[in-house]
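Every chain is numbered from 1 and lettered A, B, ... according to where its sequence line falls, protein lines coming before strand lines. Remember, it's a predicted structure, so these values are computed and weren't measured experimentally.
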2 protein chains.
Amino acid sequence: MPQPAADTVTEGQPGLIVPKTERGRRTLRALLDAAALEFGANGFHATGITDITRRAGVALGSFYTYFASKEDIFRALVSDLSGQVKTEVAPHVEAAPDALSRERAALAGFLDFVTRQQLIYRIIDEAEFVAPDAYQGHYRKTVARIAARLEDGAAKGELRAGVGEVEAWAIAGMNVFLGLRYGVWGEGEELSEVVARAHRLVAEGLGRR
Amino acid sequence: MPQPAADTVTEGQPGLIVPKTERGRRTLRALLDAAALEFGANGFHATGITDITRRAGVALGSFYTYFASKEDIFRALVSDLSGQVKTEVAPHVEAAPDALSRERAALAGFLDFVTRQQLIYRIIDEAEFVAPDAYQGHYRKTVARIAARLEDGAAKGELRAGVGEVEAWAIAGMNVFLGLRYGVWGEGEELSEVVARAHRLVAEGLGRR
DNA sequence: GTGAAACATGAATCAATATTCAACTTGAAA
DNA sequence: TTTCAAGTTGAATATTGATTCATGTTTCAC
């Protein structure tokens with residue numbers, strides 16, 4: 001009886017099975033990769049388990065060795081991709097010399113990621129409805145990173161004092177919408193121009209000096 | 001044969017039937033209202049046609065007198081709500097004396113709307129996946145209004161020159177995320193504080209003066 | 001008052017598909 | 001070489017729920 005034995009479990013992701021053999025790890029990865037492509041292209045509800053297993057080159061039944069349900073694999077995917085976004089953007093940010101340019105670098109890195117991984121990125125967005133907990137988790141973590149950067153910048157005197165969580169949510173929203181409009185829906189607009197304009201807004205605001 | 005006769009159609013919404021009698025108008029409205037509650041509370045896919053008709057106090061079959069499909073009523077609803085958001089926010093904006101306070105008023109009005117109409121508001125968000133065209137339409141219109149305000153402000157010398165579409169998308173994203181975080185997920189944070197902070201970001205940016 | 005168009009009804013249809021299950025295979029440790 | 005836990009398989013199940021349709025009722029213009 002191959003009931004997903006509640007055995008080893010990765011970081012707080014209840015229900016996520018960790019394979020014990022190399023063969024198992026390969027199958028698990030194949031399923032996740034296939035799911036990313038299918039969910040990204042067709043969305044959660046239009047994607048069938050068979051679409052995923054077919055693309056992964058795996059039997060239908062094997063799916064349930066690794067995931068308890070369709071929602072389960074979606075949740076796992078969101079964690080996976082949340083990590084990817086962070087990993088892609090981080091080096092850009094770290095290379096920047098001061099607080100303001102760190103925010104510009106974060107936006108530039110994010111726009112770049114979204115543009116290259118449009119389908120993939122939509123999965124995170126759809127999580128708002130398919131896996132709200134995973135969605136909240138992703139953005140709470142993202143915003144916490146931004147807020148930490150801002151507070152650090154303020155402490156160093158590179159930003160005005162008092163910036164914090166609200167400003168971080170505002171910036172996150174800005175970035176996400178610019179990503180949607182110019183990264184996903186974009187029709188060849190110059191991304192560096194978008195970054196420059198958005199950054200000026202963040203740095204100086206809209207008022208006359 | 002009560003096939004939705006392709007007859008009169010409201011503003012560019014193909015497939016939307018306009019009832020010819022008072023009774024029909026009442027039923028249509030009951031369906032839209034019920035759908036808003038059900039979709040808002042349970043989401044598109046968890047909501048059945050029967051949930052909508054039951055709540056509306058109408059027979060299952062009557063649904064198809066007015067809508068060709070479940071997606072059809074969802075689309076109609078998004079248009080409906082898009083109009084409501086605009087109508088709710090507009091008076092706040094118009095009462096404001098200058099460009100910068102207009103943006104503050106818009107955010108304040110929007111946060112207020114989202115807080116009072118949380119369930120309703122989620123429908124617009126879910127449209128990104130259920131009715132992408134309606135979703136794009138909503139935001140393109142919203143952003144066009146913001147951009148027009150900004151350009152007007154710049155022309156009057158109340159804002160710096162050169163602000164436009166990119167800035168408008170940035171502000172829209174800011175507002176939406178603040179609405180999600182403090183309006184929908186909020187746990188009693190002081191909204192006026194949120195508005196004040198976000199507005200200072202828009203007016204002055206994060207840099208030191 | 002009459003007739004036709006508009007609207008209402010809900011049981012029956014019908015396709016989709018997530019999930020289960022019992023039998024089979026693999027691979028590595030003993 | 002045997003053994004067994006781990007992994008694989010895909011046909012069968014079971015439910016769900018959107019859509020159809022044939023029939024009944026209401027409205028209103030004439």
Side-chain angles (χ1 to χ4, degrees), chain A residues 1-10 15-32 34-35 38-39 42-77 130-131, chain B residues 1-10 15-32 34-35 38-39 42-77 130-131:
Chain A
M1 51 182 84
Q3 297 295 5
D7 215 327
T8 319
V9 163
T10 38
L16 217 188
I17 289 320
V18 168
K20 303 205 164 139
T21 69
E22 182 52 32
R23 180 168 65 140
R25 277 185 289 275
R26 269 203 306 275
T27 304
L28 175 56
R29 180 104 307 267
L31 284 170
L32 282 170
E38 292 292 331
F39 284 141
N42 307 318
F44 181 77
H45 295 282
T47 298
I49 308 288
T50 51
D51 297 324
I52 298 173
T53 53
R54 186 180 319 119
R55 187 185 280 267
V58 153
L60 176 53
S62 293
F63 179 89
Y64 291 92
T65 301
Y66 298 95
F67 303 100
S69 68
K70 200 170 129 181
E71 271 155 35
D72 200 38
I73 194 177
F74 196 91
R75 222 184 311 278
L77 214 45
V130 175
Chain B
M1 51 184 83
Q3 296 296 5
D7 216 325
T8 319
V9 163
T10 37
L16 217 187
I17 289 318
V18 169
K20 304 206 162 142
T21 70
E22 182 54 30
R23 180 168 66 139
R25 277 186 289 274
R26 268 201 309 275
T27 304
L28 175 57
R29 180 103 310 266
L31 284 170
L32 281 171
E38 293 292 330
F39 284 141
N42 307 318
F44 181 77
H45 295 282
T47 298
I49 308 286
T50 52
D51 298 323
I52 297 173
T53 52
R54 188 180 318 120
R55 185 184 282 265
V58 153
L60 175 53
S62 293
F63 179 91
Y64 292 92
T65 301
Y66 297 95
F67 303 100
S69 68
K70 199 171 130 181
E71 270 153 36
D72 200 39
I73 193 177
F74 196 90
R75 223 184 311 276
L77 213 45
V130 175

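Between the CD atom of A:Glu71 and the C1' atom of C:dT17 there is a distance of 14 Å, given to the nearest Å. The distance from atom NZ of A:Lys20 to atom P of C:dA29 is 14 Å, rounded to the nearest whole Å. Atom pair A:Arg25:CZ and D:dT8:P shows a separation of 12 Å (rounding to whole Å applied). Between B:Ile52 atom CD1 and D:dG17 atom P the separation is 12 Å, expressed in whole Å. Here the P atom of nucleotide C:dA15 and the NE2 atom of A:His45 are 23 Å apart, to the nearest Å.
The residue A:Thr53 sits apart from the nucleic acid: no heavy atom pair falls under 4.0 Å. Residue-level contact check: A:Gly61 touches the bases, meaning some heavy atom is under 4.0 Å from a base atom.
Between A:Thr21 and D:dG7 there is a side-chain N or O to OP1 or OP2 distance below 4.0 Å. Within the 4.0 Å cut-off from OP1 or OP2 of C:dA8, at least one side-chain nitrogen or oxygen of B:Thr27 is found. For D:dT8, neither phosphate oxygen OP1 nor OP2 lies less than 4.0 angstrom from any side-chain nitrogen or oxygen of A:Thr65.
Taking every side-chain heavy atom of A:Leu60 into account, D:dA11 is the closest of D:dT27, D:dT19, D:dA11. With C:dC7, C:dT19, C:dT9 as the candidates, the nucleotide lying closest to the side chain of A:Ile49 is C:dT19. Of the listed nucleotides (D:dA6, D:dA18, D:dG10), D:dG10 has the atom at the smallest distance from the side chain of A:Ala59. For A:Arg23, taking side-chain heavy atoms from C-beta onward, the closest of the listed nucleotides D:dT8, D:dT20, C:dC7 is D:dT8. Side-chain proximity of A:Tyr64 to the nucleotides D:dT20, D:dT9, C:dT19 is greatest for C:dT19.
Relative orientation of the B:Phe44 and B:Phe39 rings is parallel, given thresholds of 30° and 60° on the angle between their planes.
Closest approach of A:Ile52 to A:Thr47, counting heavy atoms only: CG1-CG2, 3.9 Å.
With rounding to the nearest 0.5 Å, the separation of CZ in B:Arg75 from CG in B:Leu77 is 12.0 Å.
When each of B:Thr21, B:Leu32, B:Val58 is paired with B:Thr27, the side chain to side chain contact (heavy atoms under 4.5 Å, CB included) condition holds for B:Val58 and for no other.
At distances below 3.5 Å, at least one donor-acceptor pair connects side-chain atoms of A:Asp72 with backbone N or O atoms of A:Ala68.
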